Amino acid sequence: MKCIICHGDNIQVKEVKEEIFLGNDIVHIPIKIPVCMTCGERYYDRRTMQFLEGIENKISGSELKLKEVGKVLVYDEASSVA
Ligand SMILES: [Zn+2]
């Protein structure tokens, strides 16, 4: 298998964190997919796509229990000027 982006052949199955955005929140879904080690392109097969879509549907229907592991912070320039 060659990378369709950079044509490199160094593609390895890696655990990556797929991000699903919910308003200001981000849900990390750990998945194992082939990733190009040269340019970072991720390859999703049909099953992985369906798996992620299923999770997205469950999250929006609040059927999933999610654990808070961190916060999303933003540097707000206007409010930090004294
Ligand atoms: Zn590549």
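Because the structure is predicted, anything quoted here is derived from the model rather than measured. Both counts, for ligands and for their atoms, begin at 1 and track the order of listing.
Other residues, nucleotides and ligands contribute more than 12 heavy atoms inside 6.0 Å of the CE atom of M1.
In this structure, V16 is not a member of the same hydrophobic cluster as I26, with clusters built from ILVMFWY side-chain heavy atoms closer than 4.5 Å. Grouping the Ile, Leu, Val, Met, Phe, Trp and Tyr side chains by contacts below 4.5 angstrom, directly or via other members, places F21 apart from I59.
A distance of 12.5 Å separates OG1 of T48 from CD1 of I29, quoted to the nearest 0.5 Å.
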Query raised in the report: Run the side chain to side chain contact (heavy atoms under 4.5 Å, CB included) check on N24 and V72 step by step: do they pass?
Result: CA-CA 8 Å; N24 285 330; V72 180; over 6 Å; no
Requested in this report: Go through H28 and E19 one step at a time and tell me if the side chain to side chain contact (heavy atoms under 4.5 Å, CB included) criterion holds.
Outcome: CA-CA 5 Å; H28 281 165; E19 293 178 335; 3.4 Å; yes
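Under 2.8 Å from the Zn ion (ligand 1), one finds the following protein N/O/S atoms: C3 SG, C6 SG, C36 SG, C39 SG.
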